[in-house]
Amino acid sequence: MSLSRRVKEVFTDGRAAAGLPGYTVRHEQVDMASAVSDLVELGGISVLEAGTGVGKSLAYLIPAVLSEQVCVISTATLTLQDQLISRDIPVVGRILGEKIEAEVLKGRRNYLCLRKWYQWGNSVAPELKDWVEAGNGDLSLSSADSGSDGLRKVAGDSFDCLGSKCPEIHRCHYYAARNRARKARILVVNHHLLLTGLISADLIPDAWFLVVDEAHALDKAAAASLGYSLSESLLNSVFDSVVLSDHTPKKKTALLNKARLLAEQLSQLCSPAGENGEIEFSDIFTDLQSIADNASSFREEIRSEDDLAGASQTLYNLQRSVVSLTQVNPLDWCCYVEKNRKRPVLRCVPVHPGSLLQDTLYSSFPSVLLTSATLAAGDSFLYSDTRLGVPEQADRQVFHSPFNYAEQSVLVLPDDLPDQNDHQLIANYAWEIARETAAVLGGRTMVLFTSYRNMELCRKAAEKNPLDGIPVLVQGKMNRSLILDEFRRDPRAIILGTASFWEGVDLPGELLRSLIIDRIPFPSPGHPLTQARMKALEDQGKSSFTHLMLPEAAIRLKQGTGRLIRSETDTGAVFILDRRMKTARYAGLLLASMPPFRAGTVRTALEFLREQATGS
């Protein structure tokens, strides 16, 4: 019997319902599972978009387990990793009546470094002493504050890891986790670890089947993993090693002065940046060579000191990274400075990581599945194919959400909107809609913004005209996880959020009933990487608006509007406050990329929300 037929039977013969209470057969899920089964049996690459509610995790997990092949699953977020390990894989085990050997492998920074602990742990993080003796080294399971300086000083780091030369190699928590990962039937990792592991060729085990879930985020992970990041913080372990060593004060001072000089050079790399952060590669080439030389000479001075082994390794890796960076082709790379950090960071990333993904990823596994709820713009995969370097022969399918959006939700494109560039008026309008829906619903409202500026304008409007008894939870004033935790505990509130709230936010049921979007989420044309990609398209004679800005906005809008309806019983209204959604020639593509909401007006939407709130 074919794998496809065996998988279909699992979903339809009662086993799925027995293993997952409340389960009902979804034809979209069965069809996706059948497509995955063919991929696992025949090999190749498939790009499968699965709308919210399809249940894509079970659609790929059940074929993976029944095939008896080793499977690697890569995700963009810890949330999905935790869901797979703690919920979805155990559910599949119950459905199939077997214990599934599954492991999650995290990056080095998530594990305690025993070398550092025994060198200086008791002095920098004494609160971890009892946990170190009893724990498995996963720092997320410790009671320490995840952002504490003490935790950073004892965490693993690829830059200062001694590898096989480490005196604690045989007890290393990270290597123990790697060994467990090699024996697993299913290994769960994140995109960054997947790519760096394949490059190093010693981390990701041989596997037949690769699942890249949340594949819409793979190109950003590729840019980060295959690119370079340089900042003063790379030298943290050098400063830690010297300060916490047993050397004389005079020796420490001399070494710290050298470290400060090198840190200053790294900081100065960011100086030539223009207003938007862009840096010409030629402006920093000589400085990069100087940094490499100074890192090398500094390392030679300390490489024989056992207690400075981590610092020596950091300097070696810094030199190697900088030398490698000087050898890239500037025409294919973009250098820019991220200024919205405590310390500026120089980023050098490939303009088009897709070709690098072809070489690194797709050739490493016989069967590769790329899946997400947001891959197609309208009915086209062209944009995702370009970003992700998907070969032409790949299979592409869309499995639509089983939800009845026309019955469950209303989409409002108001008639009386101000010009989209009048940020103050748009912010005022957004607050008035948020205030009205929150008054009807008792909160349960979220406003998504395309910029911090617009969000701040709306926050000020809320301060001038507050809604009694309904607090406003503002991103930046509180971190994302705290906002979501508080909203889940008591949804009588209004969330104001920007970029990170557009995806990965799951507020089902009665938690979220009103979603307001201030503008069409086009990429920022002022960002250096966006500019580089626009220029590359224009140089090819292609429209950067058609091939980059518009499809990116369509996918982003699909992600944002997808925050509202999370189950077959959810109801609510979406308000998009950009008049171009009605007037622009490209509005049809944006609407076609979104769920098929029922069209309505502000008045009919408020009536619908009132009916849902009162149960009438």
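Atom set for the values below is all heavy atoms of this structure, side chains included, hydrogens, waters and symmetry mates excluded.
- Inspection of the E552 and Y383 side chains reveals an N or O donor paired with an N or O acceptor under 3.5 Å.
- With rounding to the nearest 0.5 angstrom, the OG atom of S296 is 13.5 Å from the CD1 atom of I291.
- Listed for the E49 side chain is no donor-acceptor partner under 3.5 Å among the backbone atoms of S372.
- Side chains of S229 and R347: a donor on one and an acceptor on the other come within 3.5 Å.
- Looking at heavy atoms from C-beta onward, D332 lies out of side-chain contact with V328 at the 4.5 angstrom threshold.
- Judged purely by atom type and a 3.5 angstrom limit, T530 has no side-chain atom pairing as donor or acceptor with the backbone of G526.
- Not a single donor-acceptor pair under 3.5 Å links the side chain of Q559 to the backbone N or O of T374.
- By the side-chain hydrogen bond (donor to acceptor under 3.5 Å, both in side chains) test, D206 is found to be paired with no residue, residues two or more places apart in sequence or in another chain being considered.
- Distance alone, capped at 3.5 Å, is enough to place a donor-acceptor pair between the S67 side chain and the Q69 backbone.
- Taking the six-membered ring for Trp and the full ring otherwise, the centers of Y336 and H527 sit less than 6.0 Å from each other.
- Minimum heavy-atom separation, L193 to L105: CD2-O, 3.2 Å.
- Heavy-atom neighbours of R109 CZ from other residues, nucleotides or ligands within 6.0 Å: at or below the threshold of 12.
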**OP:** Determine, step by step, whether K116 and D160 satisfy the salt bridge (charged side-chain N to carboxylate O under 4.0 Å, His left out) criterion, reporting the C-alpha distance in whole Å, the side-chain angles of both residues, the deciding distance to 0.1 Å, and the verdict.
**Re:** CA-CA 10 Å; K116 295 178 185 178; D160 66 16; 2.8 Å; yes
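- Residues passing the side-chain hydrogen bond (donor to acceptor under 3.5 Å, both in side chains) test with Y174: none are found, sequence neighbours excluded.
- Residue E503 is tested with K558, R556, R563, K220 for a salt bridge (charged side-chain N to carboxylate O under 4.0 Å, His left out); the sole match is R556.
- For the pair D287 (side chain) and I284 (backbone), a donor-acceptor distance under 3.5 Å is absent.
- Partners of L261 by side-chain contact (heavy atoms from CB on, under 4.5 Å), not counting sequence neighbours: none found.
- In this structure, CG in L218 is found 9.0 Å from CZ in R387, a value given to the nearest 0.5 Å.
- S500 and Q475 are linked by a side-chain donor-acceptor pair at a separation below 3.5 angstrom, with hydrogens and angles left out of the test.
- Between I186 and I100, some side-chain heavy-atom pair lies under the 4.5 Å cut-off.
- Separation of atoms CG (D219) and CG (L357) is listed at 8.0 Å; rounding is to 0.5 Å.
- In this structure the side chain of I45 never reaches within 4.5 angstrom of the side chain of L39, judged on heavy atoms.
- No side-chain donor from either of Q319 and N294 sits under 3.5 Å from a side-chain acceptor of the other.
- Remark: R480 is positioned above the aromatic ring of F501, its terminal NZ or CZ atom under 6.0 angstrom from the ring centre and at most 45 degrees off the axis.
- For R566 and D506, the salt-bridge test passes: some basic side-chain N is under 4.0 Å from an acidic carboxylate O.
- At least one donor-acceptor pair under 3.5 Å links the side chain of K252 to the backbone N or O of V243.
- Side-chain contact check for V36 versus F209: some heavy-atom pair is nearer than 4.5 Å.
- Residue pairs meeting the side-chain hydrogen bond (donor to acceptor under 3.5 Å, both in side chains) criterion with at least one member in residues 178-190: none, sequence neighbours excluded.
- Looking only at distances, a side-chain donor or acceptor of S245 sits under 3.5 Å from a matching main-chain atom of V242.
- Between F487 and L482 the shortest side-chain heavy-atom distance does not fall below 4.5 Å.
- Under 3.5 Å, the side chains of S367 and W208 contain a donor-acceptor pair of N or O atoms.
- The backbone N or O of T253 sits less than 3.5 Å from a side-chain atom of N257, completing a donor-acceptor pair.
- Relative ring orientation between W333 and Y228 is described as tilted, the plane-to-plane angle lying within the 30° to 60° band.
- A distance of 9.5 Å separates CG of N122 from CG of L128, quoted to the nearest 0.5 Å.
- A salt bridge links D240 with R152: the distance from a Lys NZ or Arg NE/NH1/NH2 to an Asp or Glu carboxylate oxygen falls below 4.0 Å.
- Annotation for F365 and V72: closest pair CE2-CG2, 4.3 Å, computed over non-hydrogen atoms.
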**OP:** Go through Q268 and S271 one step at a time and tell me if the side-chain hydrogen bond (donor to acceptor under 3.5 Å, both in side chains) criterion holds.
**Re:** CA-CA 5 Å; Q268 287 301 314; S271 298; 3.0 Å; yes
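- When all heavy atoms of I199 and L226 are compared, the closest pair comes out as CD1-CD2, 3.0 Å.
- Side-chain contact, E214 with T77: a donor N or O sits under 3.5 Å from an acceptor N or O.
- The pair K153-D149 meets the salt-bridge criterion, with a side-chain N (NZ, NE, NH1 or NH2) lying under 4.0 Å from an Asp/Glu carboxylate O.
- A donor-acceptor pair shorter than 3.5 Å cannot be found between the side chains of Q327 and S324.
- The backbone N or O of P344 lies less than 3.5 Å from no partner atom in the side chain of S231, so there is not a single donor-acceptor pair.
- In this structure, a donor-acceptor pair under 3.5 Å is absent between the side chains of S312 and E305.
- For the atom pair CG (D88) and CD (Q83), the distance works out to 4.5 Å, reported to the nearest 0.5 Å.
- Heavy atoms only, all atoms of each residue included: S158 and N317 are closest at O-ND2, 3.7 Å.
- The side-chain contact (heavy atoms from CB on, under 4.5 Å) search around D246 returns none, not counting sequence neighbours.
- For S225 and T196, the side-chain atoms include no donor-acceptor pair closer than 3.5 Å.
- The list of ring pair (Phe, Tyr, Trp, His ring centres under 6.0 Å) pairs with a residue in residues 285-324, not counting sequence neighbours, is empty.
- E232 has no carboxylate O lying under 4.0 Å from a charged side-chain N of R260, or vice versa, which leaves the two without a salt bridge.
- In this structure, S321 contributes its side chain and L318 its backbone to no donor-acceptor pair below 3.5 Å.
- Counting heavy atoms from C-beta outward, L369 and L48 have side chains that approach closer than 4.5 Å.
- The minimum heavy-atom distance linking A223 with P353 is given by the pair N-CB, 4.4 Å.
- Side-chain contact between V91 and R94: present, with at least one pair of heavy atoms (C-beta onward) separated by less than 4.5 Å.
- In this structure, the separation between CG on D157 and OG1 on T314 is 6.5 Å, given to the nearest 0.5 Å.
- Within the 4.5 Å cutoff, no side-chain heavy atoms of V189 are placed close to those of I73.
- Here the options are H191, H192, Q81, the test is side chain to side chain donor-acceptor pair (under 3.5 Å), and the partner is S74; only H191 passes.
- Minimum interatomic distance between R108 and Y175 (heavy atoms only, all atoms of both residues): NH2-OH, 3.6 Å.
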Original post:
Does the pair E98 and V65 meet the rule for a side-chain contact (heavy atoms from CB on, under 4.5 Å), with working shown?
Top reply: CA-CA 10 Å; E98 63 175 280; V65 174; 3.9 Å; yes
